[in-house]
Amino acid sequence: MAAVVRRMGPVWWGLTPALDLQMHCLPEATENLSCSDDLPELNILLVGGGDGRHILKTICQASRWPHRKLKFFIIESDLELLARHMLFLSLALEHPEQMGLQEKSELFLELFGNSLIRNKTASYLQEKSELFIRYVTDPDYQQSNVPLLNLSSIKFKERDKLEDIFKFWRNADPKLFPIDKYWDEKNRQNLGRRYDSRKGAYDWDLSMKLHDRGAGVINSREYNYWREKGVAFMNREGVYDIPNKTLASQMVVPQSSGKVLARGYWGDITASPYIAFGIETEEESLLQTANGVHVKSAQDIAQHNMISLFHELAYGKIYSVPASGQAESELAKTDSDYKTNEEQTVVETTEREAEDGDTNQSKCNRLITLNNVEIHFLPLSWVNELHCRFNNFFNLLYFSCSMVHFLKPEYKFIAASKATLVLELTKFMVDLQTEKLQDYVTIVAKLAQEAGFTPTETIDWKTDYIAKFERAHDSVEVQTGQ
């Protein structure tokens with residue numbers, strides 16, 4: 001299994017567009033869900049989701065599906081990824097009166113995919129980092145403010161490391177993380193002798209790989225600028241000159257004195273953050289072409305998609321594109337417009353911190369409350385122990401290509417009857433040649449089969465960016481006879 005792809009460093013953004021996981025859950029998997037308080041529960045395991053895109057899209061579009069409780073269980077390779085999950089979740093749940101759709105979508109994309117951010121965005125990150133430090137050090141406080149987030153399985157050692165990450169984010173000194181330097185060094189290492197003619201290398205990767213594989217909406221201007229500077233989203237006029245510390249992580253690297261733990265940028269510099277939110281959309285007008293060229297950019301599509309998702313999260317209904325001449329940034333709603341039913345309400349969180357004198361945190365803690373969503377962070381060490389902790393439990397299991405090597409035969413025991421398995425494929429991994437894309441599909445299909453899953457349809461390595469499998473009948477018999 002050495003040929004399984006193992007990407008170096010954290011997966012800051014994934015290799016597939018964001019998925020509404022309820023859409024990809026096979027109907028048979030939802031027929032006999034377990035219930036709690038007469039409400040069916042859909043239990044979802046994500047191993048290596050990385051950027052939280054699937055969680056975000058799934059909870060934002062929950063009102064499209066039958067009333068269920070969504071329970072996510074997340075395992076990541078790096079604690080920095082869990083920290084980013086907390087950041088994006090907190091941002092998504094910002095009260096609409098406190099942050100409009102346009103501002104929220106811009107902040108999200110900037111923190112999600114930019115190496116450099118604006119001063120305003122950096123201030124927001126520092127403010128939230130202070131709050132997150134209290135979340136990981138005071139479980140009671142965290143539960144009273146964000147009850148949908150469950151950190152109970154995270155060990156004290158990991159909480160301490162998360163606290164260190166948030167303290168690093170909180171520090172305003174830009175010299176602590178010179179990402180422009182790290183980005184250029186990684187570019188030089190990746191391109192080697194091609195560095196001096198790197199624009200040609202960028203164009204080749206874009207046209208001969210990303211475009212050929214279905215990401216034709218990404219234009220050369222935005223892709224080349226991201227490849228050069230690491231800045232993918234510039235949604236307003238502004239100065240992008242502050243390092244995005246959420247993209248920092250630590251890795252053991254060899255040096256003359258031996259192996260040392262070094263902080264740097266160890267993520268993707270070729271596939272781009274556009275894949276997650278910028279190449280697909282329900283709004284077909286954004287995919288129009290003129291003379292064979294896309295009219296809108298991947299940035300335009302990503303901005304629209306984020307506004308749509310955040311609108312649906314707050315209002316509980318599908319977003320409609322503004323009439324001609326009206327910009328999306330002009331959208332405004334009154335309190336009476338927000339969805340206020342038992343599934344989802346816009347409320348003000350507890351005023352407990354105000355009673356403690358934390359008036360500033362009280363002000364920034366007004367959140368959209370999702371009563372039927374739970375998000376559980378699990379330690380990485382559990383990835384090989386899940387069969388000891390869960391039995392016929394998960395209705396949908398998702399593995400990224402960076403962590404699919406953890407898919408073992410024991411996983412048949414944790415999957416519920418008719419469970420769906422979704423595997424991320426390497427279609428948009430620029431560094432892989434065609435034969436490697438084909439080999440990867442063969443390898444992961446074998447892993448799935450050994451774990452008790454059968455494919456639901458033929459996997460086409462040229463067009464598919466995910467592969468879906470169903471738990472086989474004989475797996476149920478093995479589990480019940482255990």
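FYI, the numbering just counts along the sequence from 1.
Classification of R159 and E163 as a salt-bridged pair fails, no side-chain N sitting under 4.0 Å from a carboxylate O. Classification of R64 and E282 as a salt-bridged pair holds, one side-chain N sitting under 4.0 Å from a carboxylate O. Using a cutoff of 4.0 Å between basic side-chain nitrogens and carboxylate oxygens, R263 and E80 are not scored as salt-bridged. One finds no salt bridge joining K104 and E94 here, because no Lys/Arg side-chain nitrogen approaches an Asp/Glu carboxylate oxygen to under 4.0 Å. Look at K120 and E103 and you find a salt bridge, because one of the NZ, NE, NH1 or NH2 atoms lies within 4.0 Å of a carboxylate O, short of that distance. Using a 4.0 Å cut-off between charged nitrogen and carboxylate oxygen, R53 and E424 count as a salt-bridge pair.
Residues D184 and Y195 have side chains in contact (heavy-atom distance under 4.5 Å, counting atoms from C-beta outward). With contacts defined as side-chain heavy-atom distances shorter than 4.5 Å, the pair D78/W266 does not qualify. Side-chain contact between Q433 and K209 is present, with at least one heavy-atom pair separated by less than 4.5 Å. Using a 4.5 Å heavy-atom threshold, the side chains of T30 and R68 count as touching. Side-chain contact between L309 and K57: present, with at least one pair of heavy atoms (C-beta onward) separated by less than 4.5 Å. With contacts defined as side-chain heavy-atom distances shorter than 4.5 Å, the pair D205/R227 qualifies. T58 is listed as a side-chain neighbour of F72, based on a closest heavy-atom distance under 4.5 Å. Using a 4.5 Å heavy-atom cutoff, the side chains of R213 and L437 are in contact.
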- [ ] Give the intermediate values and the outcome of side chain to side chain contact (heavy atoms under 4.5 Å, CB included) for residues L397 and V47.
- [x] CA-CA 8 Å; L397 302 86; V47 180; over 6 Å; no

Open item on the list: Run the side chain to side chain contact (heavy atoms under 4.5 Å, CB included) test on I279 and I301 for me, step by step, so that the C-alpha distance in whole Å, both residues' side-chain angles and the decisive distance to 0.1 Å come before the verdict.
Closed with: CA-CA 7 Å; I279 65 171; I301 292 174; over 6 Å; no

Open item on the list: As a quick check of understanding, evaluate side chain to side chain donor-acceptor pair (under 3.5 Å) for N187 and Y202, giving each step before the final call.
Closed with: CA-CA 11 Å; N187 235 344; Y202 301 161; 3.2 Å; yes

Task: Chi angles and distances behind the side chain to side chain contact (heavy atoms under 4.5 Å, CB included) call for K436, T426 - done: CA-CA 9 Å; K436 295 296 184 182; T426 54; over 6 Å; no

TODO: Give the intermediate values and the outcome of side chain to side chain contact (heavy atoms under 4.5 Å, CB included) for residues S153 and H376.
DONE: CA-CA 8 Å; S153 299; H376 299 253; 5.9 Å; no

Task: Y319 and H304: CA distance, side-chain angles, deciding distance, ring-ring contact (aromatic ring centres under 6.0 Å, His included) verdict - done: CA-CA 10 Å; Y319 174 76; H304 167 83; 5.6 Å; yes

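The heavy-atom pair separating I275 from A215 by the smallest distance is CD1-CB, 4.2 Å. The nearest pair of heavy atoms linking L101 to H311 is CD2-N, 3.7 Å. Closest approach of S63 and G316 over heavy atoms only: OG-O, 3.4 Å. Of all the heavy atoms in F112 and P273, the pair that sits closest is CE2-O, 3.7 Å. Across H24 and L19, no two heavy atoms sit closer than the pair NE2-CD2, 3.6 Å. When all heavy atoms are compared, the tightest approach of K427 to T463 is NZ-O, 2.8 Å.
At least one donor-acceptor pair under 3.5 Å links the side chain of E222 to the backbone N or O of N219. No donor-acceptor distance shorter than 3.5 angstrom exists from the side chain of S90 to the backbone of M86, with no hydrogens or angles considered. Without hydrogens or angle criteria, N395 side chain to A419 main chain gives no donor-acceptor distance under 3.5 Å. The closest donor-acceptor contact from the side chain of D464 to the backbone of A467 lies at 3.5 Å or more, if one exists at all. Checking side-chain atoms of K199 against main-chain N and O of D196 turns up no donor-acceptor pair under 3.5 Å. Formation of a donor-acceptor pair under 3.5 Å by the Q142 side chain with backbone atoms of L149 is found in this model. When atom types are taken as modelled, the side chain of Y240 and the backbone of P243 share no donor-acceptor pair closer than 3.5 angstrom.
Just one residue in the list W382, F377, F394 forms a ring-ring contact (aromatic ring centres under 6.0 Å, His included) with F73, and that residue is F394. Each of L151, L386, L46 was scored for a side chain to side chain contact (heavy atoms under 4.5 Å, CB included) with L378, with one residue passing: L386. Between L423 and the choices L407, V441, L447, I459, the side chain to side chain contact (heavy atoms under 4.5 Å, CB included) rule is met once, by L407.
Distance check, rounded to the nearest 0.5 Å: NZ of K157 to CG of L79 gives 10.0 Å. The structure places CD1 of I117 at 13.5 Å from CD of E106, a figure rounded to the nearest 0.5 Å. Distance check, rounded to the nearest 0.5 Å: CG of L116 to CG of N244 gives 8.5 Å. Atom CG of residue L26 and atom CZ of residue F469 lie 11.5 Å apart, to the nearest 0.5 angstrom. The structure places CG of N305 at 4.0 Å from OG1 of T281, a figure rounded to the nearest 0.5 Å. Rounding to the nearest 0.5 Å places CG of N372 at 12.5 Å from CG of L42.
The neighbour count for K161 NZ, taken as heavy atoms of other residues, nucleotides or ligands under 6.0 Å away, does not exceed 12. Within 6.0 Å of CD in E284 there are 12 or fewer heavy atoms belonging to other residues, nucleotides or ligands. By the neighbour-count criterion of 12 heavy atoms within 6.0 Å, atom NZ of K468 is densely surrounded, having more than that number from other residues, nucleotides or ligands.
Note: F108 and F277 have perpendicular aromatic rings, judged against thresholds of 30 and 60 degrees for the angle between ring planes. By the 30° and 60° cut-offs, the orientation of the rings of Y135 relative to F132 is tilted. Between Y465 and F428, the ring planes are tilted. Angles from 30° to 60° get that label. Aromatic ring pairs are classed by plane angle as parallel below 30°, tilted from 30° to 60° and perpendicular above 60°; the pair Y274 and F233 is perpendicular.
Q189 and E185 share no donor-acceptor pair across their side chains, judged by distance under 3.5 Å alone. Between the side chains of R221 and Y225, not a single donor N or O lies within less than 3.5 Å of an accepting N or O. Under 3.5 Å, the side chains of E470 and T456 contain no donor-acceptor pair of N or O atoms. Remark: the D300 side chain and the S297 side chain contain an N/O donor-acceptor pair separated by less than 3.5 Å.
With ring centers used as reference points, F177 lies under 6.0 Å from Y182.
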